[in-house]
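Heads up: the structure comes next, in structure tokens.
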Amino acid sequence: MTLSMPRICCLDLDTFFVSVERLLDPSLAGKPVIVGGRPGQRGVVTAASYEVRALGVRSGMSLTQASQLAPHAVYLPTRHGVYGDYAQRVRELAQSYTPVSQVASIDELFLDFSGCENLYARPGDSAGDDTILRVVRQLTDEIQQRVGLPASAGIATSRPVAKVASALAKPRGVLLVAAGSEAAMLAPLPVRKFPGIGPVAERKLHALGLTTLGDVAAAPSSVLSRVFGAWTHGIQRGCRGQGAHELARERPAFQEHDPAGLYLGSISNERTFREDVRDPDCIAAMLCSLCERVCYRARKRGVRARTVTLKLRYADFQTLSRSRNITATSSELELYPVVLELFRRARTRRRPIRLLGVALSRLGPHDAQLRLFDDGDAALHHAIDDLRQRYGYDALHLALSTRERRG
DNA sequence: TCTGGGGTCCTAGGACCC
DNA sequence: TCTGGGGTCCTAGGACCC
């Protein structure tokens with residue numbers, strides 16, 4: 001039996017948004033920094049520096065709570081447009097080390113170094129693990145020097161174990177889990193540390209008396225199936241460190257099709273109002289603005305949606321959605337009436353509204369056949385998109401959606 | 001301490017068809 | 001008239017991730 005070697009690497013940028021903000025404003029170095037918005041605003045912490053983590057601040061925590069724990073921290077808004085370029089530079093650097101990678105999120109990347117030992121081996125290395133460890137350290141050093149961002153990495157035989165290891169390695173660390181020691185490394189950790197076990201599964205596991213990953217690994221599958229259902233076998237293998245030993249090749253974005261020939265994925269935008277609203281004009285303006293936004297993104301991507309979903313959250317946080325299959329479109333003029341209809345169907349209570357969202361899914365390519373019938377809209381959208389390209393997204397909006405902007 | 005916004009994936013019931 | 005199952009699509013909801 002051949003034992004698989006730890007060659008899967010999870011590369012993770014430390015406190016990513018905070019690190020980029022510090023790069024852009026060096027005076028923030030060493031200060032307690034919270035990215036996500038100002039105290040008093042509706043919102044949550046999207047990134048917290050280690051200085052405020054020491055005070056108990058965590059990402060996902062409400063800004064109100066964060067401001068009580070860290071009243072003197074520097075609070076910054078999340079600047080979504082700014083971080084992508086830095087993430088891309090890190091990806092390009094990492095991908096120059098190995099041809100097989102998977103982008104997991106804006107600040108997280110998986111790399112597969114299988115077969116690369118010989119390429120990087122040096123006479124001093126006593127084993128392939130030495131080689132990989134040295135190469136990954138070199139990569140994180142290079143990210144720090146060339147891009148200016150701190151990164152950590154975990155290396156293991158499987159993706160979930162590599163991810164757990166990268167979390168343990170933070171900050172600025174690299175941790176390799178030797179083949180055969182995965183189960184022992186995982187066993188003492190709380191169940192929440194394993195990717196895929198969230199607050200709900202954690203609660204159910206605790207109710208069964210299972211608090212560590214070792215408990216999960218040892219539990220009878222008949223017990224686990226009450227928590228994980230069809231995923232029972234996979235999670236148990238994962239907790240025993242037996243996950244897949246190679247990384248699937250990255251699929252090109254928007255090229256993988258489902259059996260119906262549609263692209264996988266979705267495009268959505270949602271907004272929480274600064275204060276709960278009941279004014280119908282205000283609601284209509286927001287719905288219109290959301291339609292514009294998702295359609296603009298769909299056109300930029302060159303896709304049309306065959307399903308539209310409206311999301312509604314009431315002031316008491318009750319959240320519901322209504323969706324409908326439609327003739328493929330990327331036009332806000334076509335989408336808006338449908339969204340309005342979905343909203344009317346969804347809104348059965350008189351309570352004020354906290355959040356509205358619009359999502360496009362079952363995306364497909366622009367169809368040359370269909371195009372013959374709607375060249376009028378196509379010309380209009382081309383003109384709109386061109387103006388936005390030159391003067392910014394907010395250069396123009398449908399009249400209905402401007403009210404939301406002024407308010 | 002009242003809880004953002006972008007996603008992915010899974011489940012499940014009912015309609016509808018064969 | 002009452003009886004089936006299997007397969008697929010549509011819709012709604014929920015868990016989870018960063």
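Every chain is numbered from 1, with letters handed out A, B, ... down the list of sequences. Only this structure's heavy atoms are used, side chains among them; waters, hydrogens and symmetry mates stay out. Computed from a prediction, not measured in an experiment: that's the story for all the values here.
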* To do: Could you tell me which non-hydrogen atom of A:Tyr83 sits nearest to which non-hydrogen atom of A:Pro77, and how far apart they are?
  => OH-O, 4.0 Å

* Closest-nucleotide ordering on DNA chain C, the 5'-leading residue of A:Arg362 and A:Ala201 -> A:Arg362

* To do: Take the protein atom CG of A:Leu342 and the nucleotide atom P of C:dG13, then report the distance between them rounded to whole Å.
  => 12 Å

* **Nucleotide nearest A:Ser266 when distance is taken to its side chain, options B:dG4, B:dT8, C:dC16** => B:dT8

* Check A:Leu387 against A:Leu396 and note the closest heavy-atom contact, atom names and distance. => CD1-CD1, 4.0 Å

* Asked: Is B:dC2 in the syn range, within 90° of 0, or in the anti range?
  -> syn

* A:Thr157 side chain to A:Glu182 side chain, donor-acceptor N/O pair below 3.5 angstrom -> yes

* Structure fact -> Comparing nearest nucleotides in DNA chain B, the 5'-proximal residue of the pair A:Gly60, A:Gln68 is A:Gln68

* Would you kindly give the CG-to-P distance between A:Leu290 and B:dG6, to the nearest whole Å? => 9 Å

* Checking all strands, does A:Lys163 fall into the base, sugar-phosphate, or nothing category for heavy-atom contacts under 4.0 angstrom? -> sugar-phosphate

* **Any A:Arg313 side-chain N or O less than 4.0 Å from OP1/OP2 of B:dG4** => yes

* Under 4.0 angstrom between A:Arg324 side-chain N/O and C:dA12 OP1 or OP2 -> no

* Scan A:Thr309 against the nucleic acid and name what it touches under 4.0 Å (heavy atoms): base, sugar-phosphate only, or nothing. => nothing

* Would you please say whether a donor-acceptor pair under 3.5 Å links the side chains of A:Arg349 and A:Gln318? => yes

* **A:Arg322 side chain near C:dG13 phosphate (N/O to OP1/OP2, under 4.0 Å)** => yes

* Asked: Could you state the CG-P distance from A:Leu69 to B:dT1, rounded to the nearest angstrom?
  -> 9 Å

* Any side-chain donor paired with an acceptor under 3.5 Å for A:Ser114 and A:Glu246? -> no

* A:Cys239 to A:Leu213 - nearest heavy-atom pair and separation -> SG-CD2, 3.8 Å

* A:Val200 side-chain proximity, nearest of B:dG5, C:dA15, B:dG4 -> C:dA15

* Structure fact -> Among B:dG4, C:dG13, B:dT11, the one nearest any side-chain atom of A:Ala230 is B:dT11

* Structure fact -> Sorted by position of nearest nucleotide on DNA chain B, 5' first, the leading residue of A:Asn269 and A:Leu63 is A:Leu63

* Distance under 6.0 Å and angle within 45° of the ring axis: does A:Arg7 meet both against A:Phe113? -> no

* Atom CZ of A:Phe228 to atom C1' of B:dT11: distance rounded to whole Å? -> 16 Å

* Could you tell me whether the phosphate oxygens of C:dG13, OP1 or OP2, come under 4.0 Å of any side-chain nitrogen or oxygen in A:Thr319? => no

* For A:Ser323 and C:dT11, is the shortest distance between a side-chain N/O and OP1 or OP2 below 4.0 Å? -> no

* Do the side chain of A:Thr319 and the main chain of A:Phe317 share a donor and acceptor less than 3.5 angstrom apart? -> yes

* Asked: Rounded to whole angstrom units, what separation is found between the CD atom of A:Gln318 and the C1' atom of B:dT3?
  -> 15 Å

* Stem list, DNA chain B (Watson-Crick or G-U pairing under 3.5 Å, at least 3 consecutive pairs) -> B:5-18 with C:5-18

* Looking at every strand, decide which applies to A:Leu320 at a 4.0 Å heavy-atom threshold: base, sugar-phosphate, or nothing. => sugar-phosphate

* Among B:dG5, B:dT3, C:dC16, the one nearest A:Pro199 by side-chain distance -> C:dC16

* Asked: Just how far, in rounded Å, is C1' of C:dA15 from CD of A:Glu202?
  -> 14 Å

* Asked: For C:dC9, does either OP1 or OP2 sit under 4.0 Å from a side-chain N or O belonging to A:Asn325?
  -> no

* Asked: Quick one: do the A:Thr131 and A:Glu117 side chains pair a donor with an acceptor below 3.5 Å?
  -> no

* Atom pair distance, as rounded to whole Å: CZ in A:Arg58 and P in C:dC17 -> 16 Å

* Across the strands shown, which category fits A:Arg345 at heavy-atom distances under 4.0 angstrom: base, sugar-phosphate, nothing? -> sugar-phosphate

* Structure fact -> By nearest-nucleotide position on DNA chain C, the 5'-leaning member of A:Asp107 and A:Arg203 is A:Arg203

* Can you tell me how far C1' of C:dC17 sits from CZ of A:Phe17, to the nearest Å? -> 13 Å

